[in-house]
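Starting from 1, each residue takes its place in the sequence as its number. Both backbone and side-chain heavy atoms feed into the values below; hydrogens, waters and symmetry mates do not.
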Amino acid sequence: MLELQIHVRIYFDYNATTPLLPAVADAISTVSRDVFGNASSVHFFGQQAKAAIDTARSSVATFLGADPSEIVFTGGGTESDNFAIRGVADALEPLKRRHLIASAIEHEAILNTFKALARRGWKTTLLRVDQSGVVSPDHLREAITDDTAIVSVMHANNEIGTIQRVAELAAIAHERGALMHTDAVQTVGKIPVDVRALGVDLLSLSAHKFNGPKGVGALWIKRGTRLQSIQTGGKHERGRRAGTENVPAIAGMGVAARLSMEKLASEATRVSALRDRLEEGILRDVPGTAINGARPSRVPNTTNISFDRVEAESLLIALDLEGVAVSTGSACSSGTLEPSHVLRAMGFPAHRTQNSLRFSLGVFSTDAEVDRVIEILPRLVEKLRSLTKRNHEDTKSTKTHESIPVQKSSS
C-alpha cells in the first residue's frame with residue numbers, strides 16, 4: 001500500500017503577491033454587497049460609495065505622509081508606473097525635455113515603458129549598478145542633462161531587496177530641473193515610506209504587496225507636479241484617471257494600509273529575524289551558496305541566494321514538490337528562460353544569473369517554516385548537483401566514445 005507524504009504548504013514568495021488579511025477580505029465582501037453605488041452619482045448610494053473611497057484615500061495618504069488630494073487610485077503598480085512616466089513625458093514634451101533616466105534594475109513596467117517611448121523618439125539612459133545592486137549618485141550626475149524630464153529609480157528592488165538612496169537621487173534630479181519618480185511597490189508595508197522625506201514628485205504602490213487585493217494601486221502625485229492623464233474618459237479621480245472606481249478593492253486597500261501601518265515596526269523586526277535565520281541556515285548547511293546584493297541595506301523580508309552548480313528552475317520545482325513556494329525573480333517574468341536582468345545588470349557571470357532563488361517572507365511566515373526549508377534544502381541541492389555531475393560525465397563519456405575510430409578487420 002502506497003504511503004502518501006503530506007506536506008504543509010510554505011509560502012515564501014511574498015514579493016510576488018501576499019495573502020489577504022482577514023479584515024481586508026471582510027471589508028471587500030461588505031462593500032461589494034452593501035456599497036454598490038457609483039461614486040460619481042449624487043444620490044445616497046453614490047455618496048455612500050464616495051465616502052468609502054475617501055476613507056481609503058485618507059488611510060493610504062496617512063500611510064505615506066501625504067495629503068489625500070495627492071492620491072490617485074489606479075489598477076495596480078504597473079499602471080501607476082506607466083501613469084508616472086508617460087504622464088510626465090506627455091506634459092513636458094512641449095518643453096523639449098525629451099530625455100528619461102532609470103536604473104538598469106527597474107521592474108519591466110518601467111523598462112518597457114522606456115522602450116515604448118524610445119520608439120517615439122525619446123532618448124533614454126539606464127544607470128548601471130555594481131554587485132551591491134545600488135545606484136551610485138555619481139552615475140546619475142554623469143547621465144542627467146538639462147533635457148532630462150524625469151528620473152525613475154525604484155525604492156527597493158523586487159528581486160534582491162536592496163534599498164536605493166532615493167532622497168539623494170531626487171536632490172540631484174531637482175538640481176537639473178527634472179522630476180523624480182520612485183516605484184515603491186516593494187517597500188510600502190515593509191519599511192516606513194514618507195514621500196516628503198524621500199523628496200520625490202511621484203511614487204507608485206500596489207495593494208496586493210501589503211496584504212491587500214490585486215488589481216488596485218495608487219500613484220502619489222506631489223501637488224503642483226506637471227502630469228497629463230494617460231487615460232481619457234470621465235472626470236473620475238479629479239480628472240486624473242478616467243473610469244468608474246473599483247470601490248470594494250479601493251476599500252480593501254485602505255484597510256490593508258491602515259493595518260500595515262499599525263504593525264509596521266514590529267513586523268519588520270520579526271520578519272527580518274526570520275529572514276536572517278533562513279540565510280544563516282542556508283549558508284551554513286549548503287556549500288557553494290552566496291547572497292546577491294548588499295546585505296545591510298535591504299527590505300527586511302527578502303533574500304536572493306545563489307546555489308553553485310544548480311539550475312534555479314530545477315531547485316524551484318524540487319522545493320515546490322516539497323511544499324515550498326519560492327521564485328527565481330519577478331513574477332512578471334516567470335515562464336521565461338531568460339536569466340535575471342537584475343543580476344545580469346549587477347555584473348554577475350551568466351551561471352550566477354541562472355542559479356539564484358528569491359525567498360521573500362511575510363506576515364504569516366513562521367519559525368517552523370524557516371526551519372523546514374533549512375532542513376530540506378541541503379538534500380535537494382545535493383541531489384540536483386549529483387544529477388548534474390552524472391549527466392556531465394555521461395555526456396563526456398559519450399563524446400569520448402564517439403571520438404574513438406572504428407578499426408576495420410584486415411581479413
*Do Asn211 side-chain atoms and Leu20 backbone N/O form a donor-acceptor pair below 3.5 Å?*
no

Show, in sequence, the C-alpha distance, side-chain angles and deciding distance for Glu280 and Arg295, and conclude whether the salt bridge (Lys or Arg N to Asp or Glu O under 4.0 Å) test is met.
CA-CA 12 Å; Glu280 291 164 5; Arg295 297 180 71 176; 5.9 Å; no

Check: Thr353 main-chain N/O paired with Ser356 side-chain donor or acceptor under 3.5 Å | no

- prompt: Do Arg372 and Glu322 sit within salt-bridge range, that is, some charged N less than 4.0 Å from a carboxylate O?
  reply: yes

Q. When you measure from the side chain of Arg358 to the backbone N and O of Asn158, does any donor-acceptor pair fall under 3.5 Å?
A. yes

* Quick one: does Thr148's side chain have a donor or acceptor within less than 3.5 Å of a partner on Leu100's backbone? -> no

Point to revise | Presence of salt bridge, Glu267 and Arg270, under 4.0 angstrom | key: yes

- Task: Begin from the C-alpha positions of Asp146 and Arg97 and carry the test salt bridge (Lys or Arg N to Asp or Glu O under 4.0 Å) through to its verdict.
- Result: CA-CA 8 Å; Asp146 291 336; Arg97 283 185 172 267; 5.6 Å; no

Sequence neighbours excluded, the answer for side-chain contact (heavy atoms from CB on, under 4.5 Å) partners of Ala116 is Arg86, Arg119

Can a side-chain donor-acceptor contact be found between Asn301 and Ser360 if the only test is distance below 3.5 angstrom? no

Margin query: Test your reading of the model: is there a side-chain donor-acceptor pair from Asp320 to the backbone of Leu316, 3.5 Å cut-off?
Written below: no

- With a 4.0 Å cut-off, would you call Asp308 and Arg385 a salt bridge? no

Could you check whether Asp183 and Ser204, counting side-chain N and O atoms only, form a donor-acceptor pair closer than 3.5 Å? no

- Item | Derivation of the side-chain contact (heavy atoms from CB on, under 4.5 Å) call for Ile291 and Ile305 | CA-CA 5 Å; Ile291 306 298; Ile305 302 179; 3.6 Å; yes

Q | No-hydrogen, no-angle side-chain donor-acceptor test under 3.5 Å, Glu159 and Ser340 | A | yes

Report task. Answer yes or no: is there an ion pair linking Lys115 with Glu106, defined by an N-O contact shorter than 4.0 Å? Result -> no

Point to revise | Main-chain N/O of Gly133 paired with Gln164 side-chain donor or acceptor, under 3.5 Å | key: yes

Less than 3.5 Å apart, which donor and acceptor atoms pair up between the side chains of residues 120-128 and the rest of the protein, not counting sequence neighbours?
{"residue": "Arg120", "atom": "NH2", "partner": "Asp90", "partner atom": "OD1", "Å": "3.2"}
{"residue": "Arg120", "atom": "NH2", "partner": "Glu93", "partner atom": "OE1", "Å": "3.4"}
{"residue": "Thr125", "atom": "OG1", "partner": "His99", "partner atom": "NE2", "Å": "2.8"}
{"residue": "Arg128", "atom": "NH2", "partner": "His139", "partner atom": "NE2", "Å": "3.1"}

Sequence neighbours excluded, the answer for ring pair (Phe, Tyr, Trp, His ring centres under 6.0 Å) partners of Phe359 is none

Taken in chain and number order and not counting sequence neighbours, the residues that satisfy ring pair (Phe, Tyr, Trp, His ring centres under 6.0 Å) with Phe307 are none

Got a list of side-chain donor-acceptor pairs under 3.5 Å for residues 23-36, not counting sequence neighbours?
{"residue": "Thr30", "atom": "OG1", "partner": "Asp26", "partner atom": "O", "Å": "2.9"}
{"residue": "Ser32", "atom": "OG", "partner": "Ile28", "partner atom": "O", "Å": "2.7"}

- Task: Decide side chain to side chain donor-acceptor pair (under 3.5 Å) for Asn292 and Ser306; before the verdict, give the C-alpha distance in whole Å, the side-chain angles of both, and the deciding distance to 0.1 Å.
- Result: CA-CA 7 Å; Asn292 296 318; Ser306 172; 4.9 Å; no

task: Give a yes or no answer on whether the side chain of Thr182 reaches the backbone of His155 with a donor-acceptor pair at less than 3.5 Å.
output: yes

Mind running side chain to side chain donor-acceptor pair (under 3.5 Å) on Thr113 and Asn82 for me, showing each step along the way? CA-CA 7 Å; Thr113 301; Asn82 270 263; 3.2 Å; yes

Exercise for the section: Would you confirm whether Asn355, through its side chain, and Val310, through its main-chain N or O, come within 3.5 Å as a donor-acceptor pair? Expected result: no

Residues at least two apart in sequence or cross-chain that pass ring pair (Phe, Tyr, Trp, His ring centres under 6.0 Å) with Phe114, listed by chain then number, are none

message: Determine whether a donor-acceptor pair (N or O, by modelled atom type, separation under 3.5 Å) exists between the side chain of Thr18 and the backbone of Tyr14.
response: no

Given the rule in the side chain to side chain donor-acceptor pair (under 3.5 Å) test, do Asn15 and Thr302 qualify, once you have shown the distances and angles that lead to the verdict?
-> CA-CA 8 Å; Asn15 282 11; Thr302 305; 3.0 Å; yes

Examine distances only and state if a side-chain atom of Arg241 and a backbone atom of His236 form a donor-acceptor pair shorter than 3.5 Å.
-> no

So CG of Leu278 and CG of Leu361: to nearest 0.5 Å the spacing works out to 6.5 Å

